[in-house]
Amino acid sequence: MLIVAKSLGDGGSETAMIEFINHLSSKKYDLSLLLLDKDDEYKYRLNKKVKLNYIQFDNSFYHSLASMYSLPGKVIKKAHTRGAS
């Protein structure tokens with residue numbers, strides 16, 4: 001099972017995600033976590049059986065497209081939301 005997230009930095013959603021992942025059965029699932037940012041402050045909380053990978057972006061523009069917190073990411077998210085209705 002592949003789970004994609006922004007980071008393992010300081011935040012409530014990151015903590016909840018780690019708890020969710022840690023409660024998944026490593027016997028039933030081959031767990032991988034793919035992070036957009038190298039911020040892994042809470043990595044120590046993650047089950048050691050979870051494979052941790054990072055996306056390497058060629059430049060900051062591509063990275064900003066993947067981030068919903070940057071202006072290009074927000075524009076893409078807003079356009080997608082409007083197109084879905």
Side-chain angles (χ1 to χ4, degrees):
M1 176 184 296
L2 176 65
I3 299 170
V4 181
K6 182 176 180 339
S7 72
L8 287 177
D10 186 21
S13 60
E14 288 86 351
T15 302
M17 177 189 61
I18 290 169
E19 292 300 316
F20 170 74
I21 292 170
N22 287 343
H23 282 90
L24 292 172
S25 172
S26 59
K27 292 179 182 177
K28 188 174 180 180
Y29 300 104
D30 180 21
L31 299 168
S32 295
L33 178 59
L34 181 61
L35 300 177
L36 301 177
D37 290 328
K38 190 80 172 163
D39 182 3
D40 56 5
E41 180 180 350
Y42 287 156
K43 179 181 175 180
Y44 71 94
R45 291 179 158 187
L46 193 63
N47 184 328
K48 302 296 180 211
K49 293 182 180 182
V50 176
K51 296 176 190 121
L52 187 57
N53 296 292
Y54 303 90
I55 292 179
Q56 299 294 319
F57 292 96
D58 291 342
N59 63 45
S60 60
F61 177 74
Y62 294 133
H63 182 261
S64 69
L65 287 177
S67 174
M68 288 298 130
Y69 300 106
S70 69
L71 182 59
K74 288 179 182 180
V75 170
I76 291 170
K77 183 178 178 182
K78 191 67 161 178
H80 176 70
T81 304
R82 287 184 181 204
S85 34

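Index from 1, following the sequence. Fair warning: this is a prediction, and the values are worked out from it, not measured in the lab.
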Return all side-chain donor-acceptor pairs below 3.5 angstrom for residues 22-31, not counting sequence neighbours, or 'none' if the list is empty.
unit_1	atom_1	unit_2	atom_2	d
Asn22	OD1	Asn47	N	2.7
Asn22	ND2	Ile18	O	3.4
Asn22	ND2	Arg45	O	2.8
His23	ND1	Glu19	O	2.6
Ser25	OG	Lys27	N	3.2
Ser25	OG	Lys28	N	3.1
Asp30	OD1	Lys51	NZ	2.3
Asp30	OD2	Lys51	NZ	3.0

**Same cluster (ILVMFWY, side-chain, under 4.5 Å), Val50 and Phe20** = yes
**Listed partners of Tyr42 passing side chain to side chain donor-acceptor pair (under 3.5 Å), at least two apart** = Asp10
**Fill in**
Taken to the nearest 0.5 Å, the spacing of Leu35 CG from Leu52 CG works out to 5.0 Å
**Item:** Euclidean distance, Asp39 CG relative to Ser7 OG, rounded to 0.5 Å
**Value:** 4.5 Å
**Request:** Identify the heavy atoms of Ala5 and Met17 that sit nearest to each other, and give their distance.
**Result:** CB-SD, 3.4 Å
**Complete:** Contacts of Lys38 meeting side chain to side chain contact (heavy atoms under 4.5 Å, CB included) (sequence neighbours excluded), chain-then-number -> Tyr54
**Message:** Count I, L, V, M, F, W, Y as connected when their side-chain heavy atoms are under 4.5 Å apart, and connections chain through other members. Are Met1 and Leu33 then in the same cluster?
**Reply:** yes
**Complete:** dist Leu8:CG -> Glu14:CD (nearest 0.5 Å) comes out at 7.5 Å
**Prompt:** For the atom pair CG (Asp37) and NZ (Lys6), what is the distance rounded to the nearest 0.5 Å?
**Reply:** 3.5 Å
**Asked** Do Leu34 and Ile55 have side chains that get closer than 4.5 Å, going by heavy atoms?
**Response** yes
